Asks: 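Quick one: structure below, then a few questions.
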Amino acid sequence: MKLILTISLGVAVSFAGYAQNNKITIPHTVEIGGEPPIWVSSSGISGEALQVLQFDLNVQGFAFTNVDNAQYQISGSANGNLQGRITDRISKANVLSKSYSGASLRRQVHAFVDDFMTQLQRKPICQTRVAFKGITGQNSEIFVSDFDGANAQSITHDNTIAAAPCWAGHNEMFYVSYKLNHADIFSQDLGNGSRKAFARYGGSNMSPAVSPDRSKVAMILSKDGWTDLYVCNIDGTGLTRLTKSPQDESSPCWSPDSKYICFASKENERRALRKISASGGTAKVIGTTGGINPTEPDWSPDGKYIAFTSQTGSFQICVVPAEGGEAIVLVEGEDPSWSPNSRTLCCSRRTGDGYVLSLLDVPTKLHRDISHITGSRSQSQPSWAR
Amino acid sequence: MRSYKAIQLLGLGLVLTVAAVGCKKKTTGVTPLPKAGLYGSGDSGTVDPGAAGKLNDGDKSTSGGISSEDIAKNGIGQQNNHANWIKDAEALKAETVHFEYDSTVIKSGDKAKVGHVADYLKNNVGAAIEVDGHCDERGTDEYNRSLGERRALAIREQLVGLGVDASRVDTLSFGRDKPVDTGHSEASHAKNRRGEFVVLTPPGAK
């Protein structure tokens with residue numbers, strides 16, 4: 001709540017000043033509620049480059065309008081190489097003026113938007129990657145793509161179920177595969193493709209979560225007769241059972257300092273998010289007032305918020321302060337994963353019989369589905385590399 | 001606050017931009033993109049358009065020398081040793097048990113089915129059983145994977161209570177990944193919330 005309110009204040013102040021000085025009415029016709037977007041206009045850039053530009057900016061809280069109503073005026077050309085210029089119409093400052101070459105035009109636009117975000121003191125995200133579970137025929141495989149779904153590639157070809165991908169740094173993936181006839185956890189080096197079984201206890205080995213410092217792995221195991229939360233070192237040593245409950249635990253995630261594990265649980269018939277020290281102890285409830293039946297938590301990299309899925313007949317993406325409190329219900333969706341800059345969420349959304357990935361700018365609730373991902377007919381369980 | 005700061009800092013941005021523009025004029029007017037290290041972010045250099053294509057696929061390297069058996073040797077834990085046993089999902093299909101929404105309780109009407117499976121195992125001493133837990137689509141992915149496992153474990157518990165050796169009962173959860181009915185009605189959901197029995201026999205047995 002604090003994040004959203006303060007951002008609101010900042011934006012409101014800047015827009016108020018803008019409107020007063022320039023006698024311009026900012027349009028209020030955004031279909032999605034929440035904080036006002038930052039208005040931008042674009043000229044001279046067309047085709048695929050424009051589509052990429054719009055997508056990249058929409059999912060970071062920018063909306064497009066005509067030049068008279070825009071705070072930032074983007075102009076340029078994209079004939080093979082992108083040349084872009086951004087002017088702040090409030091301060092009249094030239095924010096960015098750059099030319100790009102190499103790679104694809106798509107990538108050049110990503111770099112341009114990243115440079116823009118850097119000028120706005122935001123950590124850029126347009127050249128990051130996401131992993132997800134993609135449905136292929138009757139099976140599912142683990143895929144990796146650009147943050148916007150482009151260049152999707154499967155990293156498994158197990159012809160069975162593969163699920164629950166989780167990055168371990170930027171070059172290694174943990175996931176569950178049924179390749180060896182059980183639900184086992186594997187780790188795979190994305191540089192040379194080599195992989196190994198990580199956890200193959202009796203029963204199901206589920207929901208791996210690697211700590212941000214890459215020192216530990218939390219997971220759900222059933223080897224002791226019920227599904228409980230376990231943690232061990234990244235080399236597999238020091239397995240510790242953290243919960244011993246007749247109820248259930250699922251979907252562990254880590255605090256950014258790698259000290260706590262947050263997970264979904266049910267105790268005394270009450271579903272709640274809980275957190276527990278990675279070295280053991282008593283789990284404490286993280287209150288999610290207004291976010292019913294919380295599950296699939298993901299702790300923001302800046303430590304301030306936990307995003308989760310609320311199950312109420314349909315599924316909603318919610319955000320709550322990491323210490324617990326009032327949950328903010330954002331949009332329909334499942335399984336949120338934070339961007340490296342703690343502002344955008346990647347989640348999955350049900351459409352007909354499948355799922356699509358969707359990117360959501362938390363402060364403005366601006367969101368865009370990723371409509372065309374090649375290689376799979378349904379995409380879910382996103383994990384953002386960060 | 002970030003946005004407000006950003007506005008304030010645009011002056012700085014302007015300075016930086018001027019610096020960048022100045023730089024641009026000295027060079028060719030082109031800013032090279034950082035190289036896409038496979039998944040790194042810090043590499044620099046010329047962009048390689050094929051960088052994404054470098055991603056190795058698991059199977060290619062598997063065929064390059066890592067077999068399933070090799071993969072299985074690594075890691076922690078020891079799965080039950082029925083990996084290469086022959087699976088028969090048909091023999092006990094009639095004994096499939098069904099669950100209420102979000103429940104792991106075996107309904108009284110279904111307890112006789114578990115009893116039949118226990119009898120089968122007593123009459124086929126060389127066989128083992130895999131109990132597969134499944135869910136409907138209403139929970140989330142990993143919640144359901146965990147719920148399906150608990151359904152399988154609840155059935156396993158009853159089999160053990162009926163005298164079956166625990167080492168003969170494997171459990172496996174498919175969560176919501178393997179519905180028998182892909183509809184979205186309660187009738188479809190009810191069919192999908194189930195525990196199935198797969199008979200396992202050692203390779204080479206009769």
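A, B, ... follow the sequence lines: proteins, then strands. Residue 1 opens every chain. None of these values were measured; they are calculated from a predicted model.
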Asks: So which residues of residues 157-166 of chain B are in contact with chain A at a heavy-atom cut-off of under 4.5 Å?
Replies: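 Interface residues of residues 157-166 of chain B: none, nothing closer than 4.5 Å to chain A.
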
Asks: Quick one about A/Asn192 and A/Ser194 (side-chain donor to acceptor, distance below 3.5 Å, no hydrogens or angles considered), yes or no?
Replies: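 Distance-only check passes for A/Ser194 and A/Asn192.
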
Asks: Just checking, any donor-acceptor pair under 3.5 angstrom between side chains of B/Asp102 and B/Tyr143?
Replies: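 Indeed, the side chains of B/Asp102 and B/Tyr143 share at least one donor-acceptor pair under 3.5 Å.
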
Asks: Please classify the contact between A/Glu141 and chain B as side chain, backbone, both or neither, with a heavy-atom cut-off of under 4.5 Å.
Replies: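 The answer is neither part of A/Glu141.
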
Asks: Mind running side-chain contact (heavy atoms from CB on, under 4.5 Å) on A/Leu190 and A/Trp167 for me, showing each step along the way?
Replies: CA-CA 10 Å; A/Leu190 300 181; A/Trp167 295 89; 3.5 Å; yes

Asks: Do you know which two heavy atoms are closest between B/Val125 and B/Lys122, and how far apart they sit?
Replies: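 Residues B/Val125 and B/Lys122, closest heavy atoms: CG1-O, 3.6 Å.
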
Asks: With only heavy atoms counted, which part of B/Asp170 is less than 4.5 Å from chain A, the side chain, the backbone, both or neither?
Replies: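 Side chain of B/Asp170 only, per the 4.5 Å heavy-atom cut-off to chain A.
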
Asks: Let me know if A/Asp335 has heavy atoms under 4.5 Å from chain B in its side chain, its backbone, both or neither.
Replies: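 Nothing of A/Asp335, per the 4.5 Å heavy-atom cut-off to chain B.
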
Asks: So which of A/Ile135, A/Ile220, A/Ile161, A/Thr295 has the largest heavy-atom pair count under 4.5 angstrom toward chain B?
Replies: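 Top count of heavy-atom pairs under 4.5 Å with chain B: A/Ile161.
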
Asks: Which region of A/Ser207, side chain (C-beta onward) or backbone (N, CA, C, O), has a non-hydrogen atom less than 4.5 Å from a non-hydrogen atom of chain B, or is it both or neither?
Replies: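 Both the backbone and the side chain of A/Ser207 come within 4.5 Å of chain B.
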
Asks: Could you look at A/Lys223 and say if it's the side chain, the backbone, both or neither that has a heavy atom under 4.5 Å from chain B?
Replies: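 When you check distances to chain B, no heavy atom of A/Lys223 falls under 4.5 Å.
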
Asks: Measure A/Thr118 against the heavy atoms of chain B and call it side chain, backbone, both or neither at under 4.5 Å.
Replies: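 Interface part for A/Thr118: neither.
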
Asks: Between A/Asp114 and chain B, which part of the residue has a heavy atom less than 4.5 Å away: side chain, backbone, both or neither?
Replies: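 Neither part.
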
Asks: Considering only heavy atoms, which portion of A/Arg271 lies under 4.5 Å from any heavy atom of chain B: side chain, backbone, both, or neither?
Replies: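 Only the side chain of A/Arg271 comes within 4.5 Å of chain B.
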
Asks: Going by the angle between their ring planes, with limits at 30° and 60°, are A/Phe116 and A/Tyr72 parallel, tilted or perpendicular?
Replies: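 Perpendicular.
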
Asks: Among the options B/Thr171, B/Val131, B/Leu153, pick out the one with the most heavy-atom pairs lying under 4.5 Å from chain A.
Replies: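 Greatest number of close heavy-atom pairs with chain A: B/Leu153.
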
Asks: Answer yes when A/Asp158 and A/Arg195 have at least one side-chain N-carboxylate O distance shorter than 4.0 Å, and no when they do not.
Replies: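 A/Arg195 and A/Asp158: salt-bridged.
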
Asks: Are more than 12 heavy atoms from other residues, nucleotides or ligands located less than 6.0 Å from atom NZ of B/Lys178?
Replies: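 Yes.
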
Asks: For chain A, find which of B/His82, B/Arg150, B/Glu142 contributes the most heavy-atom pairs closer than 4.5 angstrom.
Replies: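 Max contact count across the listed options: B/Arg150.
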
Asks: Measure the spacing between CD1 of A/Ile125 and CE of A/Met117 and express it to the nearest 0.5 Å.
Replies: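 CE of A/Met117 is found 8.5 Å from CD1 of A/Ile125.
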
Asks: Using a cut-off of under 4.5 Å for heavy-atom pairs, which of A/Lys133, A/Lys266, A/His110, A/Glu249 has the most such pairs with chain B?
Replies: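 The answer is A/Lys133.
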
Asks: Taking 4.0 angstrom as the limit, do B/Asp110 and B/Lys107 come out as a salt bridge?
Replies: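 Looking at B/Lys107 together with B/Asp110, the answer is no, because their closest N to O distance does not fall below 4.0 Å.
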
Asks: What option among A/Leu239, A/Asp184, A/Thr309, A/Thr237 has the most heavy-atom pairs under 4.5 Å with chain B?
Replies: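 Answer, by heavy-atom pair count under 4.5 Å with chain B: A/Asp184.
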
Asks: Is the closest side-chain donor-acceptor distance between B/Ser146 and A/Asp248 under 3.5 Å?
Replies: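 Note: B/Ser146 and A/Asp248 side chains miss the donor-acceptor criterion.
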
Asks: Is it the side chain or the backbone of A/Phe263 that comes within 4.5 Å of chain B heavy atoms, both, or neither?
Replies: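 Nothing of A/Phe263, per the 4.5 Å heavy-atom cut-off to chain B.
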
Asks: Regarding B/Arg176 and A/Glu334, does a basic nitrogen lie under 4.0 Å from an acidic carboxylate oxygen?
Replies: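 Answer for the salt bridge query: yes.
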
Asks: Taking A/Gln138, A/Gln83, A/Gln311 one by one, which has the highest count of heavy-atom pairs under 4.5 Å against chain B?
Replies: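 Between A/Gln138, A/Gln83, A/Gln311, the count favours A/Gln311.
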
Asks: Strictly below 4.0 Å, N to O, side chains only: are B/Arg145 and B/Asp177 in salt-bridge contact?
Replies: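 Yes.
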
Asks: Among A/Asn181, A/Ile142, A/Asn205, A/Asn139, which has the most heavy-atom pairs under 4.5 Å with chain B?
Replies: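 Max contact count across the listed options: A/Asn181.
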
Asks: Using non-hydrogen atoms and a 4.5 Å limit, figure out which bit of A/Glu172 sits close to chain B: side chain, backbone, both or neither.
Replies: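 Contact with chain B involves no heavy atom of A/Glu172 at all.
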
Asks: Chain A: which of B/Glu149, B/Arg156, B/His184 shares the most heavy-atom pairs with it under 4.5 Å?
Replies: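 With the most close heavy-atom pairs to chain A, the winner is B/Glu149.
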
Asks: Should the ring pair A/Tyr100 and A/Phe112 be called parallel, tilted or perpendicular, given that the plane angle runs from 0 to 90° and is split at 30 and 60?
Replies: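 The rings of A/Tyr100 and A/Phe112 stand perpendicular, inter-plane angle above 60°.
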
Asks: Quick one: what part of A/Ala264 sits under 4.5 Å from any heavy atom of chain B, side chain, backbone, both or neither?
Replies: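 The answer is neither part of A/Ala264.
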
Asks: When rounded to the nearest 0.5 angstrom, what is the spacing between CG in A/Asp146 and CD in A/Gln153?
Replies: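 Between atom CG of A/Asp146 and atom CD of A/Gln153 there are 9.5 Å.
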
Asks: Which pair of non-hydrogen atoms, one from B/Pro203 and one from B/Trp85, has the smallest distance, and what is that distance?
Replies: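 Here B/Pro203 and B/Trp85 meet closest at CD-CD1, 3.7 Å.
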
